[in-house]
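Heads up: the structure comes next, in structure tokens.
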Amino acid sequence: MLAVHFDKPGGPENLYLKEVAKPSPGEGEVLLKVAASALNRADLLQRRGQYEPPPGASSILGLEASGYVAELGPGCQGHWKPGDAAMALLPGGGQAQYVTVPEGLLMPIPAGLSLPQAAAIPETWLTAFQLLHFLGKVQAGDSVLIHAGSSGVGTAAIQLTRMAGAIPLVTAGSQHKLQMAEKLGAAVGFNYKEDDFSEATLKFTKGAGVNIILDCIGGSYWEKNVNCLALDGRWILYGLLGGANISGPLLSKLLFKRGSLITSLLRSRDKEYKQMLVKAFTEQVIPHFSMEDPQRLLPVVDRVYPVREVREAHLYMETNCNVGKIVLELPQ
């Protein structure tokens, strides 16, 4: 089978398609014939040599995919059968023509969605769902500040925040991105290149601050985050795009707010946790992607590339111009 490969860490120019052995499903696993796989920041970090796959995971890039069940491994207990369309959460391996998946990490593709749209759901929507519900304990009426509001996780988090009856606020780096976020349901958006989002957030919340912050930036935002966090607020850190180093009285400021700093990664969590997350998401969220739902959820896809243009896809992600997901299509 063909798979995206690189021989040494570095830039997108190191990526190419390589013929590799097709995997065989093990106990309780399904072999998925991949139609599409979405890019994530983790793919860029892994390509640069800055993010090793978890132990036992495929070294091939790709944390989410959609396609068709090709084969069932021994001991499969579920309802899946060959030919079923499915999407999957993966620790790696999605950017190849076939990938093995524990059957508990497969999800049905919502009616009315294309395979590229479905490929844009698993990693980002499960991340946003986990951050808001499992970690943030979001409640109706909460205010939620979502950094990188036009990213894959950001566009999912806006919609899930609205669905929970909470109020999404976003930051983004252009007017175009803010307009898209507001179309998806953001109550207000702040251009971090032009505005002090912390002061603007306090103004919007009439000085109260936000109950939850979803933060993939990290170091460079710490002071502004704590400044606009409400008393007893939850600051959830899931990325470090703005660096890992902090200089200043973070702990005293956080203590004064009685704030919680919660950190999370999804890729490295164990199979049992991921299966519990997938089950909850399948039951509580997937029905709302239906076209009949008045508050229909929608995965936002910016561009779709054939997998042979994987270098161009990585280059495009590095420009930070995308609104929503960048998807690779695999040859069928």
Side-chain angles (χ1 to χ4, degrees), residues 1-6 17-40 42-43 46 51-111 113-127 129-130 265-283 286 306-307 310 327-332:
M1 68 171 186
L2 287 174
V4 173
H5 191 77
F6 59 94
L17 294 181
K18 182 179 181 180
E19 194 72 37
V20 299
K22 185 168 89 171
S24 296
E27 184 75 24
E29 289 186 332
V30 168
L31 182 68
L32 188 73
K33 180 173 172 54
V34 177
S37 178
L39 276 189
N40 288 279
D43 297 317
Q46 186 175 328
Y51 193 1
E52 288 294 313
S58 169
S59 62
I60 296 169
L61 302 178
L63 304 185
E64 54 194 343
S66 65
Y68 298 97
V69 173
E71 187 182 333
L72 301 178
C76 281
Q77 305 285 324
H79 63 276
W80 298 103
K81 59 186 187 299
D84 285 348
M87 53 188 183
L89 177 68
L90 306 166
Q95 292 170 25
Q97 287 182 293
Y98 291 89
V99 65
T100 54
V101 191
E103 63 172 340
L105 300 185
L106 282 179
M107 294 167 279
I109 294 177
L113 292 190
S114 67
L115 288 166
Q117 284 178 307
I121 291 175
E123 174 70 18
T124 40
W125 281 79
L126 283 162
T127 294
F129 179 68
Q130 176 203 211
L265 295 171
L266 180 54
R267 185 183 191 184
S268 57
R269 289 189 184 269
D270 62 34
K271 185 175 77 173
E272 288 69 29
Y273 178 94
K274 289 178 180 177
Q275 287 176 337
M276 176 182 64
L277 181 65
V278 164
K279 184 175 186 291
F281 182 83
T282 300
E283 292 170 354
I286 282 183
V307 73
V310 62
V327 177
L328 299 170
E329 280 192 305
L330 277 294
Q332 296 301 296

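Rounding to the nearest 0.5 Å places CG of Leu115 at 4.5 Å from CD1 of Ile109. Taking CG of Leu32 as the start and OG of Ser66 as the end, the distance is 7.5 Å to the nearest 0.5 Å. For the atom pair NE2 (His5) and OG (Ser59), the distance works out to 7.0 Å, reported to the nearest 0.5 Å. One distance of note links OG of Ser37 with CD of Glu123; it measures 10.5 Å at 0.5 Å rounding. If you take NZ on Lys33 and NZ on Lys22, they are separated by 8.0 Å, rounding to the nearest 0.5 Å.
Considering all non-hydrogen atoms of both residues, Ala65 and Pro122 come closest at O-CG, 4.3 Å. When all heavy atoms of Val278 and Gly104 are compared, the closest pair comes out as CG1-O, 3.4 Å. Ile60 approaches Ala3 most closely through the heavy-atom pair CD1-CB, 3.8 Å. Closest approach of Pro116 and Ala36 over heavy atoms only: CA-CB, 3.9 Å. Minimum heavy-atom separation, Leu90 to Thr100: CD2-O, 4.3 Å. Of all heavy-atom pairs between Arg267 and Ala42, the closest is NH1-CB, 4.4 Å.
Side-chain contact between Met1 and Val20 is present, with at least one heavy-atom pair separated by less than 4.5 Å. At a threshold of 4.5 Å between non-hydrogen side-chain atoms, the residues Leu89 and Leu266 count as touching. Between Lys274 and Pro91, the closest side-chain pair of non-hydrogen atoms falls below 4.5 Å. Looking at Leu277 and Arg269, their side chains never come closer than 4.5 Å, going by heavy atoms from C-beta outward. Using a 4.5 Å heavy-atom threshold, the side chains of Glu29 and Val101 count as separate. No side-chain heavy atom of Leu63 sits less than 4.5 Å from a side-chain heavy atom of Gln46. Side-chain contact between Pro108 and Thr282 is present, with heavy atoms from C-beta onward closer than 4.5 Å. Between Gln95 and Ser58 the shortest side-chain heavy-atom distance does not fall below 4.5 Å.
Residues forming a salt bridge (charged side-chain N to carboxylate O under 4.0 Å, His left out) with Glu27 (at least two apart in sequence, or on another chain): none.
A donor-acceptor pair is defined here as one N or O able to donate and one able to accept, closer than 3.5 Å; such a pair exists between the side chain of Gln97 and the backbone of Pro331. No side-chain donor-acceptor contact under 3.5 Å links Glu329 to the backbone of Val327. No side-chain donor-acceptor contact under 3.5 Å links Glu103 to the backbone of Cys76.
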- Message: Using the rule given for side chain to side chain contact (heavy atoms under 4.5 Å, CB included), can you reason through Trp125 versus Glu64, listing the C-alpha separation, both sets of side-chain angles and the distance that settles it, and then say yes or no?
- Response: CA-CA 11 Å; Trp125 281 79; Glu64 54 194 343; over 6 Å; no
Side chain to side chain contact (heavy atoms under 4.5 Å, CB included) evaluation trace for Phe281 with Ile121
CA-CA 11 Å; Phe281 182 83; Ile121 291 175; 4.0 Å; yes
Task: Steps toward side chain to side chain contact (heavy atoms under 4.5 Å, CB included) verdict (Gln275, Leu105) - done: CA-CA 6 Å; Gln275 287 176 337; Leu105 300 185; 3.8 Å; yes
Side chain to side chain contact (heavy atoms under 4.5 Å, CB included) evaluation trace for Val4 with Asp43 = CA-CA 11 Å; Val4 173; Asp43 297 317; over 6 Å; no
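Residues Gln332 and Tyr68 bring no donor and acceptor atom of their side chains to less than 3.5 Å of each other.
Considering Leu106, Asp84, Val99 in turn, Leu106 is the only one that fulfils the side-chain contact (heavy atoms from CB on, under 4.5 Å) rule with Val30.
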